[in-house]
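A, B, ... follow the sequence lines: proteins, then strands. Residue 1 opens every chain. Note that these values count all heavy atoms, side chains included, but never hydrogens, waters or copies made by symmetry. From a predicted model like this one, the values you see are computed outputs, not experimental measurements.
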Amino acid sequence: MRFSQYFIPTFRETPSDAEIPSQKFALKGGYIKKVAVGIYDLLPLGLRVIRKVEQIIREEMNKAGAHEVLMPSMIPAELWQKSGRWYRYGKELLRITDRGEREYCYGPTHEEVIVDLVTNNIKSYKQLPQNLYQIQNKFRDEIRPRFGLMRAREFTMKDAYSFHASPECLDTTYQRMYQAYTQIFKRCGLKLRVVSADSGAIGGNASQEFMITADSGEDAILYCDCCNYAANIEKATTQLSTTSNEKPNALTQVSTPNQRSIEEVSSFLNTSPSLLIKTLVYNYIPNADLEGETFSVAVICLRGDYELSEVKLGHVLDARVLALASDRDIEDTLKAPVGYLGPINLPTGVKLLVDDSVATIVNGVTGASIADTHFTGVCAGRDFPVNSIVDVKTVKAGDACPECCSGKLIQERGIEVGHIFKLGTKYSESMQAIFLDEQGKTQPFIMGCYGIGVGRTAMSAIEQSHDDRGPIWPIQLAPFEVIIITAKAEDPAQKAAADDLYNKLLSAGIDVLFDDRNERIGVKFNDADLVGAPLRIVIGNKLSEGWIEFNFRLGEKRGVSTSVVYDETVSIIEALRHPID
RNA sequence: CGGUGUGUAGCGCAGUCCGGUAGCGCACUACGUUCGGGACGUAGGGGUCGGAGGUUCGAACCCUCUCACACCGACCA
């Protein structure tokens, strides 16, 4: 491609709302253009990167036995009503009405459509397993889209769905997808960490997330410094020391005027936050209650040095809607002042959940449900019931690994680029998707589902590899593999040499960009840094002496004789394309 | 959904307090000089000042209402 004839609108200044490197360079380098909140144009440069990611995905998915389809982005409400998600999915789902008052949604995911497709066309175990995928745009009306393509509302996703007659068969495909995903991100040149995850609104049991590690990642992940344990913070658990040698003291009421928070109370009573029991009150609507608006109340006790995980709590309560109760609500239902709540002497009928971190506390401290008053010498089980022991805490760095005895958890940030689930029969049952097994009996399909964020994968590459001038693309994703620059565009000798090399590299099947613009060389260097090609070839004033310059995007520079420049370029690109492990 | 802030040329911004026919830098066009890390000069083109209503002889500026965008928060007992 010749730069002068191409469309790469770069900017000298960065748009002021860019927050992270990938967003900054994608906008500044002319990869994307914002059209509306969370909605973007993909410009030629951006599209080239996206297409390369897609190509890698296609090759690996096909190799793993999946077949590509393309489902519509507009989905009739009827299908979503059948699965029940029409009612359960919140405002993220963009609902649209057509001229005939028929309702649709713009698909945020395609379980319903694929189940509908397969139900009507697969009737026998003999036709299983089947694994179908598509690369299609989704729309999710996110609360807070940000970071450019990283969390857009409209975005491109590869989603695959597999159908099986047995759990064992699902396991096999799930493993194959795991391998394929590992291979995909490896080929994209990305550093990866796989964690067990919460399966969220999609439902199902086992699930793993493929995280690209980067400081700007929106997810927190915890992994063991000793064994293979790794989990999303929404799912991570820890091992608590269970024994306490303390002799229980008597329950004692103490005055704690104006001491409300964990910090205030623990320093006032000169004790550790880990001996405090904090009590939180949530309102929620259960999943079973599809259209109701009536809230139930749950009281949760948690050790003072932990934060509550609303994701975990949502699962425990099987809640469709979950919100912290207001101060007024709390005082109405518990007849106790906020800041001095405690699990002792709760009104009858109130649902009390006790986090396992609290269940073994001896001689703890908690609010007395009376203003300016706490209890000390609190013992779980003796002073309040621990019938419902749950895990609703957010595990933190330094906690003990739940799977090996010696490890400690380390926290880092990651970008979720892929997610694989064992869905089971959740959708096939709700949508009556059945086949006949070997005994001639009807069975619901056992399903798996496997997603990759395409744009997010591309942006992660920038997050993992850039300098202050622009992206440093891995060659597999780079919009161009080589960029040729002439120092003086109008110099006939330079122009001829560049044209010749450009045409030869094109014929050799190398993605080459020739910056033939009549610009000062500084301008071209800066734009080249934004294009981020691994190799830049500069044809300048040493040409007359038979020399051309190789500048690698990573920094190294060296002179090359004109006689070997083509051969050397080809072998460098070949070597970059096929790294030796 | 709550808090805060911002809307003036394609991008980045000043002007608003104190009303008087709209400016700067970059980008763009033409010519000239330059030419190895975003050159310089001269001359140009481009804006219903987010929208609606009001006050006023006169509104980017004051008042009211709206819309949009951005950041923070929505884990606190």
Grab the [atom1]-[atom2] distance between [X] and [N] for me, whole Å please.
X         : N       : atom1 : atom2 : value
Glu19(A)  : rC69(B) : CD    : P     : 15 Å
Leu302(A) : rA77(B) : CG    : P     : 9 Å
Ile483(A) : rG37(B) : CD1   : P     : 16 Å
Leu322(A) : rC75(B) : CG    : C1'   : 11 Å
Ile370(A) : rA77(B) : CD1   : C1'   : 16 Å
Arg153(A) : rC69(B) : CZ    : C1'   : 12 Å
Glu263(A) : rA77(B) : CD    : C1'   : 11 Å
Asn283(A) : rA74(B) : CG    : P     : 18 Å

Pair partner, [N] [Watson-Crick or wobble, under 3.5 Å]:
N       : result
rG73(B) : rC1(B)
rC61(B) : none
rC13(B) : rG23(B)
rC49(B) : none
rA68(B) : rU6(B)
rG41(B) : rC31(B)

Who are the side-chain contact (heavy atoms from CB on, under 4.5 Å) partners of [X], not counting sequence neighbours?
X         : answer
Asp215(A) : none
Ser465(A) : Ile472(A)
Ser388(A) : Leu353(A)

Would you please name every residue forming a ring-ring contact (aromatic ring centres under 6.0 Å, His included) with Phe147(A), sequence neighbours left out?
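By the ring-ring contact (aromatic ring centres under 6.0 Å, His included) rule, Phe147(A) matches no residue at all.
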Considering residues at least two apart in sequence or located in another chain, which fulfil the ring-ring contact (aromatic ring centres under 6.0 Å, His included) criterion with Phe139(A)?
Tyr106(A)
Atom pairs, N/O to N/O, protein against nucleotides 27-35 of chain B, distance under 3.5 Å?
{"unit_1": "rU34(B)", "atom_1": "O2", "unit_2": "Arg520(A)", "atom_2": "NH1", "d": "2.8"}
{"unit_1": "rC35(B)", "atom_1": "N4", "unit_2": "Glu490(A)", "atom_2": "OE2", "d": "3.4"}

With a non-hydrogen cut-off below 4.0 angstrom, is [X] in contact with a base, only sugar-phosphate, or nothing?
X         : result
Tyr282(A) : base
Ser261(A) : sugar-phosphate
Val37(A)  : sugar-phosphate

Side chain of Glu307(A) only, heavy atoms from C-beta on: which candidate in rC75(B), rA77(B), rC71(B) is closest?
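For the Glu307(A) side chain, the nearest candidate turns out to be rC75(B).
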Given rA77(B), rG37(B), rC75(B), the nucleotide with the shortest approach to the side chain of Ile330(A):
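Within the option list, the nearest is rA77(B).
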Determine the Euclidean distance between corresponding [atom1] atoms of [M] and [N]; express it in Å to zero decimal places.
N       : M       : atom1 : answer
rA39(B) : rU34(B) : C1'   : 7 Å
rA70(B) : rC28(B) : P     : 28 Å
rU66(B) : rC13(B) : P     : 28 Å
rC63(B) : rG47(B) : P     : 29 Å
rG7(B)  : rA60(B) : P     : 16 Å
rG45(B) : rG5(B)  : P     : 40 Å
rC49(B) : rC62(B) : P     : 15 Å
rU6(B)  : rG25(B) : P     : 25 Å

Using a cut-off of under 3.5 Å, enumerate the N/O to N/O pairs linking the protein to nucleotides 9-12 of chain B.
{"unit_1": "rG12(B)", "atom_1": "OP1", "unit_2": "Ser16(A)", "atom_2": "N", "d": "3.3"}

Parallel under 30°, tilted from 30 to 60°, perpendicular over 60°: which one fits the rings of Phe480(A) and Tyr6(A)?
perpendicular
Under the salt bridge (Lys or Arg N to Asp or Glu O under 4.0 Å) rule, collect the residues that match up with Glu412(A), sequence neighbours excluded.
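Scan of Glu412(A) (salt bridge (Lys or Arg N to Asp or Glu O under 4.0 Å), adjacent residues dropped) gives Arg193(A).
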Please determine whether side-chain hydrogen bond (donor to acceptor under 3.5 Å, both in side chains) holds for the pair Ser207(A) and His419(A), giving the CA-CA distance in whole Å, both sets of side-chain angles, and the decisive distance to 0.1 Å.
CA-CA 7 Å; Ser207(A) 98; His419(A) 202 158; 3.0 Å; yes
Please check if the side chain of [X] supplies one atom and the backbone of [Y] the other of a donor-acceptor pair under 3.5 Å.
X         : Y         : answer
Tyr340(A) : Gln259(A) : yes
Thr373(A) : Ala371(A) : yes
Asn363(A) : Asn249(A) : yes

Apply side-chain hydrogen bond (donor to acceptor under 3.5 Å, both in side chains) to the pair Glu463(A) and Ser22(A), showing each step before the final yes or no.
CA-CA 6 Å; Glu463(A) 290 301 322; Ser22(A) 60; 2.7 Å; yes
Which of residues 533-565 of chain A sit near RNA chain B, with a heavy atom under 4.0 Å from it?
Arg536(A), Val538(A), Gly540(A), Asn541(A), Glu549(A)
Proximity to RNA chain B (any heavy atom under 4.0 Å), residues of residues 20-27 of chain A only:
none
Output every pair passing salt bridge (Lys or Arg N to Asp or Glu O under 4.0 Å) with a member in residues 377-397 of chain A, not counting sequence neighbours, ordered by first then second residue.
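Qualifying pairs: Asp305(A)-Lys396(A), Lys312(A)-Asp391(A), Asp355(A)-Lys393(A), Asp356(A)-Lys393(A), Asp391(A)-Lys393(A), Lys396(A)-Asp399(A).
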Qualifying residue, where the test is salt bridge (charged side-chain N to carboxylate O under 4.0 Å, His left out) with Lys278(A) and the options are Glu263(A), Glu307(A), Glu264(A)
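Looking at Glu263(A), Glu307(A), Glu264(A), the match for Lys278(A) under the salt bridge (charged side-chain N to carboxylate O under 4.0 Å, His left out) is Glu307(A).
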Between Arg469(A) and Arg146(A), which is nearer to the 5' end of RNA chain B once each is assigned its nearest nucleotide?
Arg469(A)
Closest-nucleotide 5' rank along RNA chain B - winner of Ile277(A) and Lys28(A)
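Result of the comparison: Lys28(A).
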For Lys28(A), does the NZ atom sit with more than 12 other heavy atoms under 6.0 Å from it, leaving out its own atoms?
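Yes - once you tally the heavy atoms of other residues, nucleotides and ligands closer than 6.0 Å, there are more than 12.
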Of all heavy-atom pairs between Thr366(A) and Gly342(A), which one has the smallest distance, and what is that distance?
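Smallest interatomic distance, heavy atoms only, reads OG1-CA, 3.6 Å.
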Within residues 545-557 of chain A or reaching into it, pairs that qualify as side chain to side chain donor-acceptor pair (under 3.5 Å) - sequence neighbours excluded
Asp467(A)-Arg553(A)
